[in-house]
Amino acid sequence: MENFSVTYRHCYSSLFLHQSHRRYLLNHSSACFSLDIKHASFESKPTSVSLEPSSSSWDFNPLNELNGCKNLISVKATHARMMKLFDRFELEYIAKCLITRYLEFGDFGYATTVFFLGFPRNQVSWRDFLERTENFGVEKYRVLGEFVQLQNKGVNFDEVVLAMVLRICAVLMYRLLGLTIHGNLIKRGLDNSDTRVVSALMGFYGRCVSLDLANKIFDEMPKRDDLTWNEIVMVNLRSGNWEKAVKLFRVMQFSGAKAYDSTMVKLLQVCSNKEGFAQGRQIHGYVLRLGFESNVSMCNSLIVMYSRNGKLESSRKVFNSMKDRNLSSWNSIVSSYTKLGYVDDAMGLLDEMETCGLKPDIVTWNSLLSGYASKALSRYAIAVLKRMQISGLNPNTSSISSLLQAVAEPRLLKLGKAIHGYVIRNQLWYDVYVETTLIDMYIKTGYLPYARMVFDMMYEKNIVAWNSLISGLSYTGLLKEAEALISRMEKEGIKPDAVTWNSLVSGYATWGKTEKALAVAGKMKKNGVEPNVVSWTAILSGCSKNRNFGNGLKVFMKMQEEGVSPNSATISSLLRILGCLSLLYSGKEVHSFCLKNNLIHDAHVATALVDMYAKSGDLQSAAEIFWGIKNKPLASWNCMIMGYAMFRRGEEGIAVFNAMLEAGIEPDVITFTSVLSVCKNSGLVREGWKYFDLMRSHYGVIPTIEHCSCMVELLGRSGYLDEAWDFIQTMPLKPDATIWGAFLSSCKIHRDLELAEIAWKRLQVLEPHNSANYMMMINLYSNLNRWEDVEHIRNSMSNNRVRVQDLWSWIQIDQMVHIFYAEGKAHPDEGEIYFELYKLVSEMKKSGYVPDTRCIHQNVSESEKEKLLMGHTEKLAMTYGLIKKKGIAPIRVVKNTNLCSDCHTVAKYISVLRNREIVLQEGARVHHFRDGKCSCNDSW
DNA sequence: ATAGGGTTAG
C-alpha cells in the first residue's frame, strides 16, 4: 500500500505541470526534432527586405512552390527542402508566406516556430504576425517572452502591437506586464481616441485589475465605436455583472452601434443561466430582425438558452428552422433533451443525425451518458458506453465522471471498481471531476475507507472534494467525524460554503436530530453563510422522513419567517407531510400555490400532489392530477396504485399497473409493494400470488418483508390461514413482528384461537411493547367471552408497562383541526355534538339501525355498552362535521386506528339520512360512504 | 474566442 501511494503521488506531480508549460514542451521538442533546426540562431540580424529572388541563382522557387501547396504535408516537405538548401530564411517575405500557409492549414505550432526561429523580427513583422494569429491558440507565453526581450533591447513598438500584447496579458493574467505597458502608453501620451488601444485596455483592466476601472475607462472615452461598445459589454459579461452588461447592451443598441455576433452569443449564454430569460427572448427577436439567423453559433446558443429555461419546444423550433447545422448544433439539441430528462428522445436523435451523415463525437456520447447517469440508469449508460467504444472513441474524464455517477450504488460496486481501474491504467486521475465522483461513488456504495483513500491522495483538494467526503460522512451518520473534517478544512485555509454546511444540516436532519440541524443552520449564519432553500428543505425533509410531522410544519413556518421562498423540492416535502397528516385543505392551498407559481409541471411536485390527495382521502383529485402528468415518473405510478390500494379499489389499481407496463415503465420494489397492497386490501388472492411470482421471475425484484407481510395478510384475511401459515414457514426472509402481527390480525378476524396463540407467543418476544398486539388478543378473547383471559392480558400489559395507544379522530374545519380524544380533554362543543348525535341515532333506529356492541370489550351491561359506543371519537367528529360544514362537500374524518363495525354502519346510515358523502380514513385505508354504501363493500 | 459533455447539499 505504501509503495502504491508513493507512485501515485509521484505521477500526480508530473501530471500537474501547468497545462501551457506542457504544451510548450510538447510543441517545442517536436518542432525541433522534425524540423531539425539545430543550428538555427535565435539572434538573427535584421535584414532589409530585398527584391524578388533572381530565378537564375535557384533552381527551385520557394515562393511559387509554397503557393502551390495543397495540404499541410506538402508545405512541410517544401519547408524541409528550404531548410536543406538554406541555413535559415534570409528573406522575410518567404518566412511570411510559410507562416501564412501553416496557419491556413491550421498548424499554429509550426507557424509560431517559423516566426521565432526563422527570420528577423521587427515592428512590422510583429504586427503582421500578431494580426494573423489573433484569436488562434498560438503560444502566448512565447510571444510575451519574445516581446519582453525585444523591449529590453530598446525596440519601440507602436500602439497596435501594444494593444495586442495587452490582450495576451489579459488572457494570461500577466497583471504586471500589462500595467507596465499601460504606463508606457501614458508616458508617450496615450491617445484616448485610438479605440483599438482603449478597448484592449478595458479588456485587460476588466480581467486583471478591476471591473470598475474598466467601466471608468469606457466612461471617459471621448468617442465610441462598435469595437469599444462590444468590448465593454463583453468585459461586464465576463466579470459576471450581467445586469450592467444588459443595460449597456440596450444603450449600445440605442446609440446605433452594431453588436458583434460574439457579444450576442455570450449574452445569450448568460441569459440561459440567470433570470435573464426575458432578455434572452429579446435577443432572439433582435437576431431575427437583423437577419442573424444564418449564424450557426448564434442559433446553437439560442437552442441552449431555451432548453436551460425548460423550453424544449422552442429549442426544437430553433433547431428545425436552421438551414445549416454543424455537429455543435446537434450536440446542443441532444443536450437539451438529455438535460431535461428525455434521454430516450435524445437517443432517437442519434439515428436522425446519422441519416444526415454526421457522426456523433465524444461530446454527443457524453451528453447521453450524463443523461442516463443522472437518472441512475446504469444499464443504459453502459450500453451507450459500448456503442461509443464500437464507434472508435474511448471514454475520457468527462465520460468517466458520468459513468461513476451511474454506478454509484452498492450492488454495482464491482463496476465502480472496474472504472477506477480504468482510471488508474489510463492516468485519468489528475482530473478533479473524476476524483470527486470517485469519492462520491465509494461513499454511495458504502466503501468509506476507499473514499477516504482517494481523498487523501488528491494532489489539490478543492472544496467539492471536501464537501463530497463531508456529505458522505453526514449521510452515513458519522456526524462527529463530519464536524471534525470541517474544522480540518478551515485549518487548511478552505472556507466552508453553503454545500458544506448543508451537508451537515441534512445529516443531522435525516438522522432525526432536528434541533441539532437547526443549530447548525444558526452556526452557518454566524460563519457568514445564509441558510438557503436547500438548508431549510433538508430540515423539512428530515422531519418528514422521521415522521416528525408537527415539527415539520413549524420548520416550514420558520422558513417563511426568515423570508426564504420555497421551491419545488420544499413543496414536495411539505406535501408529503400534509398527506401523512391528511390535512386535505392545507394540501389544497399548497396545490393552488403550485398553480400560481408554475410548479405544477414539476414531476416531483405533481407526484407529491397525487400522494397527498390519495393519503388525504380525495382519490378523484389524485387521479385527475396523475393522468395530467405528461411524462409520469415511476414514483407517480407507485403513488397512484397505492392510492387505489388505500381505497380498496382493486380492479382500478391493477388497471393502472397494467397501463404502467404498457407505457414501458419498469416496475420496482415499491411498485410491487403497492400492487400487493391492492390485492391485500381487495382480497384478490389469485392476483396476489400471480404478482408475487411475476415479481421474482420476470422483474428480478427480491421480495422484501413488506411484500411477505402483504401476502400473509392477504391469505389470512381471506380465510386461508393454513396457507398463510405455510407461507410464513417457507418465506425467504426471517419472519419479523410485522409478519406475525399480520397473521395475528387474520386469526382474530377468523377467531382461530389456536393459531392466534402461537403468533402471540412470538410477538411477546419480538415486540413486547406494541399495545396493538395486546389489543388484538383482548379483542379475540372477549369475542369468545373468555373474560379471564382478557383480564390476564390486561395484567401482563400493565406488568410490562405497555401504554394503551391513544385513540383519536380529527376533522379539519376551515383552518382549524378539531381533535376528539377517547380519553382526556373533551371538545368545547361536546354538549351540542351529543345532542345532535342522539337525534341522529333515534332517526337511524327508525330506519332499522341496531347498535353493534361486539366491539366493546368490557364486561358490562348492554345499555352500558351502547353508551360507550356513542362515545367513539369518529362518531363525534362526523357529527361535528355535520353541524359545522354546510353545503355538499364530503365530511372527511381521520382516525389513528381501525374503525369498529358499528361506526362503519353508522356512517352508512348518515350518508343516506343527511345525503352527504363521508370519507373515513383509518391509518392506511380509506372508507368512502355514499348512498348507504361503502367503497369497501363491507369487507375489511 | 463564439456554440456542445462532467463533481458536492434537499
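Chain identifiers are assigned alphabetically (A, B, ...) following the order of the sequence lines, protein sequences preceding nucleic acid strands; residue numbering begins at 1 within each chain.
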Donor-acceptor pair under 3.5 Å: do we get one between A/D361's side chain and the base of B/dG5?
no
Any donor-acceptor pair under 3.5 Å joining the side chain of A/T436 to the base of B/dT7?
yes
Out of B/dG6, B/dA3, B/dG10, which has the shortest distance to the side chain of A/V296?
B/dA3
Out of B/dG10, B/dA9, B/dT7, minimum distance to the side chain of A/T570 belongs to B/dG10
Between A/Q269 and B/dA3, does any side-chain N or O lie under 4.0 Å from OP1 or OP2?
yes
Below the 4.0 Å mark, does B/dG5 have OP1 or OP2 next to a side-chain nitrogen or oxygen of A/S335?
yes
Scan for salt bridge (charged side-chain N to carboxylate O under 4.0 Å, His left out) pairs involving residues 327-348 of chain A, sequence neighbours excluded, and state none if there are none.
none
Please list, chain by chain and in numerical order, all residues satisfying side chain to side chain donor-acceptor pair (under 3.5 Å) with A/K444, sequence neighbours excluded.
A/D440
Those residues that, when tested against A/N396, pass side chain to side chain donor-acceptor pair (under 3.5 Å) (two or more places apart):
A/N366, A/S399
Just to be sure I understand the rule, does A/M388 reach a base, reach only the sugar-phosphate, or reach nothing, if contact means heavy atoms closer than 4.0 Å?
nothing
Can you tell me the distance, in whole Å, between the CG atom of A/N532 and the C1' atom of B/dG10?
9 Å
Indicate, with a heavy-atom threshold strictly under 4.0 Å, whether A/V304 touches base, sugar-phosphate, or nothing.
sugar-phosphate
In residues 390-403 of chain A, what residues come within less than 4.0 Å of DNA chain B, judged by heavy atoms?
A/N396, A/T397, A/S398, A/S401, A/S402
Pair A/Y442 and A/F455, ring centroids less than 6.0 Å apart
no
What is the distance, to the nearest angstrom, from the CE atom on A/M264 to the C1' atom on B/dT2?
12 Å
List in chain and number order the residues that pass salt bridge (charged side-chain N to carboxylate O under 4.0 Å, His left out) with A/K525, two or more places apart in sequence or in another chain; answer none if no residue qualifies.
A/E562
Compare side-chain N and O positions of A/R308 against OP1 and OP2 of B/dG4 and report whether any pair is under 4.0 Å apart.
yes
Proximal nucleotide (of B/dT8, B/dG5, B/dG10) relative to the A/A538 side chain
B/dG10
With no angle test and no hydrogens, is the base of B/dG10 tied to the side chain of A/N567 by a donor-acceptor pair under 3.5 Å?
yes
So, for A/F319 and A/W330, is the gap between ring centers shorter than 6.0 Å?
yes
Starting the side chain at C-beta, find the nucleotide from B/dA9, B/dA1, B/dG4 nearest to A/V499.
B/dA9
Between P of B/dA3 and CG of A/N295, the distance in whole Å
12 Å
Rounded interatomic separation in angstrom, taking CH2 from A/W501 and P from B/dA9
17 Å
Tell me which pairs pass salt bridge (charged side-chain N to carboxylate O under 4.0 Å, His left out) where either residue lies in residues 466-489 of chain A, with sequence neighbours left out.
A/E483-A/K523, A/R488-A/E492
Rounded to the nearest angstrom, tell me the gap between atom NZ in A/K444 and atom C1' in B/dA9.
10 Å
So does A/R325 get a side-chain nitrogen or oxygen closer than 4.0 Å to the phosphate oxygens (OP1/OP2) of B/dG4?
no
Under 6.0 Å between ring centres, would you say that holds for A/Y306 and A/H284?
yes
When only distance counts, do a donor and an acceptor, one from the side chain of A/N326 and one from the base of B/dA3, lie under 3.5 Å apart?
yes
Would you mind reading off the distance between A/E231 atom CD and B/dT2 atom P, rounded to a whole angstrom?
11 Å
Side chain of A/V265: nearest nucleotide among B/dG4, B/dT2, B/dT8?
B/dT2
Do the side-chain N or O atoms of A/R167 get closer than 4.0 angstrom to the phosphate oxygens (OP1, OP2) of B/dA1?
no
Rounding to an integer number of Å, can you tell me how far A/Y430 OH sits from B/dG6 C1'?
12 Å
A/S262, nearest nucleotide to its side chain (from B/dG10, B/dT8, B/dT2):
B/dT2
Find the distance A/L302:CG to B/dG4:P and express it as a whole number of Å.
12 Å
State whether the side chain of A/S544 and the backbone N or O of A/L540 hold a donor-acceptor pair below 3.5 Å, judged by distance alone.
no
Below 4.0 angstrom, which residues in residues 540-549 of chain A have at least one non-hydrogen atom near DNA chain B?
A/S541
Is any side-chain nitrogen or oxygen of A/S370 closer than 4.0 Å to OP1 or OP2 of B/dG5?
no
Non-neighbouring partners of A/N236 that pass side chain to side chain donor-acceptor pair (under 3.5 Å), sequence neighbours left out:
A/N215
Going by side chain to side chain donor-acceptor pair (under 3.5 Å), name the residues that satisfy it together with A/E409, two or more places apart in sequence or in a different chain.
A/R411
